[in-house]
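These figures come from a predicted structure and were not determined experimentally.
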Amino acid sequence: MARQDWIRKWLCYAMALLPVWWLDAYILTRVPVFGVTPLLLPVAVTSVAVLEGVSGGAGFGFGAGLLWATAYAGGDGSRVLILTLVGMFVGALARYALARSLAGCLICSAGALSVLLVLRGATELFFMRATLWQLLRVALPQLLWTLVWTVPVYGVFYRVYARVGGDKLA
């Protein structure tokens with residue numbers, strides 16, 4: 001694939017991330033369901049990783065992690081590392097164990113979100129800011145509400161993949 005085609009492909013993915021980010025940051029935060037809002041950026045990373053594989057998922061995870069760390073309150077560098085690792089592991093799992101499909105994306109999203117919520121919960125428990133019951137009361141609805149949004153987010157990135165993904169521009 002030529003460099004211009006590669007740049008065009010990843011610019012298309014970045015442009016597809018903008019409405020997902022806008023929905024996550026500005027729309028869904030105003031309408032919490034069961035007191036929680038979905039985490040759409042990790043779902044975007046898992047969607048791209050399922051479609052593009054290990055290196056594409058890790059690179060997109062790095063970019064989405066930078067966005068998550070800088071554009072959201074309380075962001076730190078760990079989000080960059082976490083989303084990069086999520087993209088890498090999901091890309092490997094999708095390439096070698098699962099199909100590149102919506103079902104594979106749902107499975108990977110559920111796993112990635114569970115890991116993210118467990119890490120966040122472990123931090124809260126370690127610093128004694130919340131009890132396990134309080135964390136579960138928030139984490140489970142957030143996981144389920146985010147999985148509902150996996151279908152439209154995957155649809156956005158699948159449309160990009162169908163046009164420019166993989167080696168289509170080569």
Side-chain angles (χ1 to χ4, degrees), residues 1 5-72 79-80 82-117 120 139-170:
M1 177 180 293
D5 295 336
W6 184 85
I7 291 171
R8 180 174 170 227
K9 174 173 91 169
W10 290 106
L11 277 175
C12 289
Y13 277 116
M15 294 302 291
L17 181 63
L18 290 178
V20 172
W21 169 67
W22 184 73
L23 184 67
D24 183 49
Y26 297 108
I27 302 299
L28 294 175
T29 55
R30 297 179 187 271
V31 190
V33 174
F34 302 115
V36 297
T37 58
L39 301 170
L40 297 185
L41 290 182
V43 172
V45 170
T46 57
S47 298
V48 172
V50 163
L51 296 169
E52 288 290 341
V54 177
S55 61
F60 191 79
F62 181 78
L66 283 174
L67 177 65
W68 200 17
T70 57
Y72 288 81
R79 293 178 179 188
V80 178
I82 289 169
L83 284 188
T84 303
L85 291 174
V86 163
M88 184 178 69
F89 286 125
V90 167
L93 186 63
R95 170 165 255 154
Y96 299 115
L98 297 173
R100 291 182 176 179
S101 64
L102 177 59
C105 184
L106 281 168
I107 292 167
C108 290
S109 291
L113 290 167
S114 298
V115 168
L116 288 171
L117 292 172
R120 185 170 69 184
L140 291 177
Q142 189 170 35
L143 175 69
L144 295 174
W145 185 224
T146 302
L147 287 177
V148 168
W149 282 95
T150 301
V151 175
V153 170
Y154 177 80
V156 166
F157 290 104
Y158 183 77
R159 290 194 48 115
V160 173
Y161 179 77
R163 291 285 197 141
V164 297
D167 292 330
K168 288 184 178 54
L169 295 178

Quick one: pull up [atom1] in [X] and [atom2] in [Y] and give me the separation to the nearest 0.5 Å.
X	Y	atom1	atom2	value
Y154	Y161	OH	OH	8.5 Å
L98	C105	CG	SG	10.5 Å
L140	L117	CG	CG	8.5 Å
D24	L17	CG	CG	9.5 Å
L67	L18	CG	CG	8.0 Å

Check residues 146-153 and write down every donor-acceptor pair under 3.5 Å in which the side-chain atom is one partner and the other belongs to a residue at least two apart or another chain.
from : atom 1 : to   : atom 2 : distance (Å)
T146 : OG1    : L39  : N      : 3.1
T146 : OG1    : Q142 : O      : 2.7
T150 : OG1    : T146 : O      : 3.2
T150 : OG1    : L147 : O      : 3.3

Shortest non-hydrogen contact from [X] to [Y]?
X	Y	result
V160	A16	CG2-CB, 3.6 Å
V50	A94	CA-CB, 3.7 Å
V20	A44	CG1-CB, 4.4 Å
C12	V164	CB-CG2, 4.0 Å
L93	C108	CD2-SG, 3.9 Å
A25	T29	O-OG1, 3.1 Å

Q. Is there a donor-acceptor pair under 3.5 Å between the side chain of R163 and the backbone N or O of R159?
A. no
Q) So do the side chains of W21 and W68 get within less than 4.5 Å of each other, counting heavy atoms only? A) no
Q) Within a strict 4.5 Å, meaning less than it, do heavy atoms of the W10 and V48 side chains meet? A) yes
Q) Taking everything shown except R95 itself, do over 12 heavy atoms lie less than 6.0 Å from its CZ? A) no
Q.
Is it the case that over 12 heavy atoms from other parts of the model lie below 6.0 angstrom from the CZ atom of F34?
A. no
May I have the list of side-chain donor-acceptor pairs in residues 83-92 shorter than 3.5 Å, sequence neighbours left out?
from : atom 1 : to  : atom 2 : distance (Å)
T84  : OG1    : F62 : N      : 3.4
T84  : OG1    : V80 : O      : 2.7

**Q.** Among L40, L28, I27, the one residue meeting side chain to side chain contact (heavy atoms under 4.5 Å, CB included) with W22
**A.** I27
Q | Pairing residues for Y13 by the side-chain hydrogen bond (donor to acceptor under 3.5 Å, both in side chains) criterion, not counting sequence neighbours | A | E52
